[in-house]
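Below: the structure, in structure tokens.
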Amino acid sequence: MTKRRSILGFVGGAALAAMTTGLTATTALAQDVTLKMHQFLPPQANVPKLVLDVWADNVEESSGGRIKIDRYPSMQLGGKPPELMDQAVDGVADIVWTVVGYTPGRFPSTEVFELPFMMTNARAVSHAYWEMFDKYWKDTEFKDVHILGTWVHGPGMIHTKDPVTLPSDLQGMKIRGGSRSVNSLLTELGATPVGMPVPAVSEGLSKGVIDGTTIPWEVTTALKVPELVSNHTEFTGKALYTLTFVLAMNKDKYESLPDDLKKAIDDNSGLEFSVFAGGTQADSDGPSREVALDLGNNVITLDEAQTQVWADASQPIYAAWIADMGEKGIDGQALIDEARMLIEKYTPMYEK
């Protein structure tokens, strides 16, 4: 009897162990997912604080707490800003926010939105950008990542130690350019373009490595630009330039998620999020501009006629870009025409 009980006890124990193993496996399948989000700005800057954290919080809430997004600002996972896209591809980070132009020539079609005087307002251009991404680039230039959002910042402008009103005023200046198109424009206008990621701008200005920089108003406060230069040149109508951004996710990580967690991400990504992100950045321009004014800085606002002088001077950039795209087998003129059409279509929707 004792032996029988022993055998039964073993069988019962084995069954319990099997059941426990099964429960453990089930629990493992339902475990929370932790995603690493990596980007180059400090956490108090506008994009991390007002865009990326909002997106991450919304995803966490939509997932019922099953997704946790760890935020790594200021390149805390290592590497340099131009490496962010590869970090998303390779899985060093699960999600990255980056400037597309940090890898010149890798995503050439998006440069259509960065051409001089294409931009009207950030919401309209972000809308057009998402639409063209979804139509043309999702399965081509961006096929190695899962894109969550595409957007642009507010009007790009010039911040310099000496005042700039005419294109000729840039002659001989060393100016940080934010993209390949901006650098081409600076060269065309007689300046020396200096390529550097946004976080390096403060040091570049303070050490005299550069005489000025091209960035939108909203990021100037985080970089203390109004304390390092006293002149700011802004344009009327279409902006001098803008930059394209993406929020990109490792493709395998996204595909590995169960459908309900994919939905939590999808519901907070795409067109609506892209317009929100671009618009939020642009909305931060005003307060940052006030900081410069409060410091007594010289804000030069070029009127339409003065702006047109710059637009006319930028035309060679279009011809060069179309030729460059042609060498890559891309119809640059067609991209320009479609981007302009969409921007014109959506601008009235977002004008305040």
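None of these values were measured; they are calculated from a predicted model. By convention here, the first residue in the shown sequence is residue 1.
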Out of curiosity, does Val99 fall in the hydrophobic cluster containing Val92 (side-chain heavy atoms, cut-off under 4.5 Å, transitive links)?
-> no
Hey, is CD on Glu272 packed in by over 12 heavy atoms from elsewhere, all under 6.0 Å?
-> no
Can you list the steps and then say if Ile336 with Val112 is a side-chain contact (heavy atoms from CB on, under 4.5 Å)?
-> CA-CA 6 Å; Ile336 291 170; Val112 69; 3.9 Å; yes
Mutual orientation of the aromatic rings belonging to His232 and Trp217 [parallel < 30°, tilted 30-60°, perpendicular > 60°] = tilted
Over 12 non-hydrogen atoms of neighbours within 6.0 angstrom of NZ in Lys328 | yes
Gap separating the CG atom of Asp70 from the CG atom of Asp94, nearest 0.5 angstrom = 9.5 Å
Side chain to side chain contact (heavy atoms under 4.5 Å, CB included) with Pro155: of Thr236, Asn121, Asp285, only one passes, and it is Asp285
Drop me the distance from Lys36's NZ to Ile69's CD1, to the nearest 0.5 angstrom.
-> 13.5 Å
Might you confirm whether atom CD of Glu304 has over 12 heavy atoms from other residues, nucleotides or ligands at distances under 6.0 Å?
-> no
Which one of Phe113, Phe142, Phe133 satisfies the ring-ring contact (aromatic ring centres under 6.0 Å, His included) criterion with Phe107?
-> Phe142
Just wondering, more than 12 heavy atoms not from Glu344 lying within 6.0 Å of its CD?
-> no
Pair Tyr318 + Trp321: ring centers closer than 6.0 Å = no
Determine yes or no for a side-chain-to-main-chain donor-acceptor pair under 3.5 angstrom, with Ser314 supplying the side chain and Ala311 the backbone.
-> yes
Linked, directly or transitively: Val194 and Met157 (ILVMFWY side chains, under 4.5 Å) = no
Please walk me through it: do Asp53 and Lys49 pass salt bridge (Lys or Arg N to Asp or Glu O under 4.0 Å)?
-> CA-CA 6 Å; Asp53 282 349; Lys49 181 174 60 176; over 6 Å; no
Between Met196 and Arg176 the two heavy atoms that sit nearest each other are O-NE, 3.0 Å
Answer yes or no: is there a side-chain heavy-atom contact under 4.5 Å between Thr244 and Thr150?
-> no
All heavy atoms of Thr221 vs all of Glu218, minimum pair found to be OG1-O, 3.8 Å
Does any N or O in the side chain of Thr233 come within less than 3.5 Å of the main-chain N or O of Val164, such that one atom is a donor and the other an acceptor?
-> yes
Side-chain heavy-atom pair Leu52, Val47 within 4.5 angstrom cut-off = yes
Examine Met349 and Leu271 and state if one hydrophobic cluster contains both, with Ile, Leu, Val, Met, Phe, Trp and Tyr joined whenever side-chain heavy atoms are less than 4.5 Å apart.
-> yes
Taking atom CG of Leu228 and atom NZ of Lys161, what is their separation to the nearest 0.5 Å?
-> 7.5 Å
Over all heavy atoms of both residues, which pair between Gly149 and Ser274 is shortest? Give the atoms and the distance, please.
-> CA-OG, 3.5 Å
Is Ile215 close to Thr220 at the side-chain level, that is, under 4.5 Å between some pair of heavy atoms?
-> yes
Residues that Lys143 engages under side-chain hydrogen bond (donor to acceptor under 3.5 Å, both in side chains), provided they are two or more places apart | none
What is the distance from atom OG1 of Thr120 to atom CE of Met118, rounded to the nearest 0.5 Å?
-> 9.5 Å
Could you pull out all residues at least two apart from Phe117 that satisfy ring-ring contact (aromatic ring centres under 6.0 Å, His included)?
-> Phe235
Please answer whether the main-chain N or O of Pro226 pairs with a side-chain N or O of Asn297 as donor and acceptor at a distance below 3.5 Å.
-> yes
Does Asp169 reach the side chain of Asp162, with side-chain heavy atoms less than 4.5 Å apart?
-> no
Would you call Glu141 and Arg106 a salt bridge, taking side-chain N to carboxylate O under 4.0 Å as the test?
-> no
Same cluster (ILVMFWY, side-chain, under 4.5 Å), Met341 and Tyr350 = yes
Answer yes or no: is there a donor N or O on one side and an acceptor on the other, between the side chain of Ser202 and the main chain of Leu223, under 3.5 Å?
-> yes
Taking every non-hydrogen atom, the tightest pair across Trp310 and Gln306 = CD1-O, 3.2 Å
Going hydrophobic residue to hydrophobic residue with side-chain gaps under 4.5 angstrom, can you get from Ile158 over to Val291?
-> no
For the residue pair Glu61 and Asp57, establish whether any side-chain heavy-atom pair is separated by less than 4.5 Å.
-> no
Intermediate values then yes/no, side-chain contact (heavy atoms from CB on, under 4.5 Å), Tyr254 and Ile95 | CA-CA 10 Å; Tyr254 175 81; Ile95 300 165; over 6 Å; no
Are His38 and Gln87 linked by a side-chain donor-acceptor pair shorter than 3.5 Å?
-> yes
Going by atom type alone, with no hydrogens or angles, which donor-acceptor pairs under 3.5 Å involve a side-chain atom of residues 184-192 and a protein atom two or more places apart or on another chain?
from   : atom 1 : to     : atom 2 : distance (Å)
Ser184 : OG     : Arg180 : O      : 3.0
Thr187 : OG1    : Asn183 : O      : 3.0

Could you pull out the closest heavy-atom pair between Lys262 and Leu257, with the gap in Å?
-> CE-O, 3.3 Å
Provide the closest heavy-atom pair for Lys174 versus Gly208 in the form atom of the first, atom of the second, distance.
-> NZ-O, 3.3 Å
Do the ring planes of Phe273 and Trp151 sit parallel (below 30°), tilted (30 to 60°) or perpendicular (above 60°)?
-> perpendicular
Has the side chain of Thr242 got a donor or acceptor atom that lies under 3.5 Å from a matching backbone atom of His153?
-> yes
CG of Leu115 to CD1 of Ile322: how many Å apart, nearest 0.5 Å?
-> 8.5 Å
Does Lys253 NZ have over 12 foreign heavy atoms under 6.0 Å away?
-> no
Heavy atoms, side chains only, cut-off 4.5 Å: are His127 and Leu342 in contact?
-> no
Do Phe40 and Met75 come close enough that some side-chain heavy atom pair is under 4.5 Å?
-> yes
Tell me, with the steps shown, if Lys251 and Val145 meet side-chain contact (heavy atoms from CB on, under 4.5 Å).
-> CA-CA 5 Å; Lys251 204 162 192 174; Val145 288; 5.7 Å; no
Crowding at CD, Glu203 (>12 non-hydrogen neighbours, <6.0 Å) = no
Apply side-chain contact (heavy atoms from CB on, under 4.5 Å) to the pair Leu35 and Met249, showing each step before the final yes or no.
-> CA-CA 10 Å; Leu35 302 174; Met249 185 171 181; 3.9 Å; yes
Student check: side-chain heavy atoms of Ile265 and Trp55 closer than 4.5 Å = yes
Could you walk me through whether Glu60 and Arg71 pass the salt bridge (Lys or Arg N to Asp or Glu O under 4.0 Å) check?
-> CA-CA 12 Å; Glu60 290 176 343; Arg71 300 103 195 260; 3.5 Å; yes
The single option from Asp267, Asp260, Asp266, Asn268 that satisfies side-chain hydrogen bond (donor to acceptor under 3.5 Å, both in side chains) with Ser62 is Asn268
d(Lys224 NZ, Ser206 OG) to nearest 0.5 Å is 12.0 Å
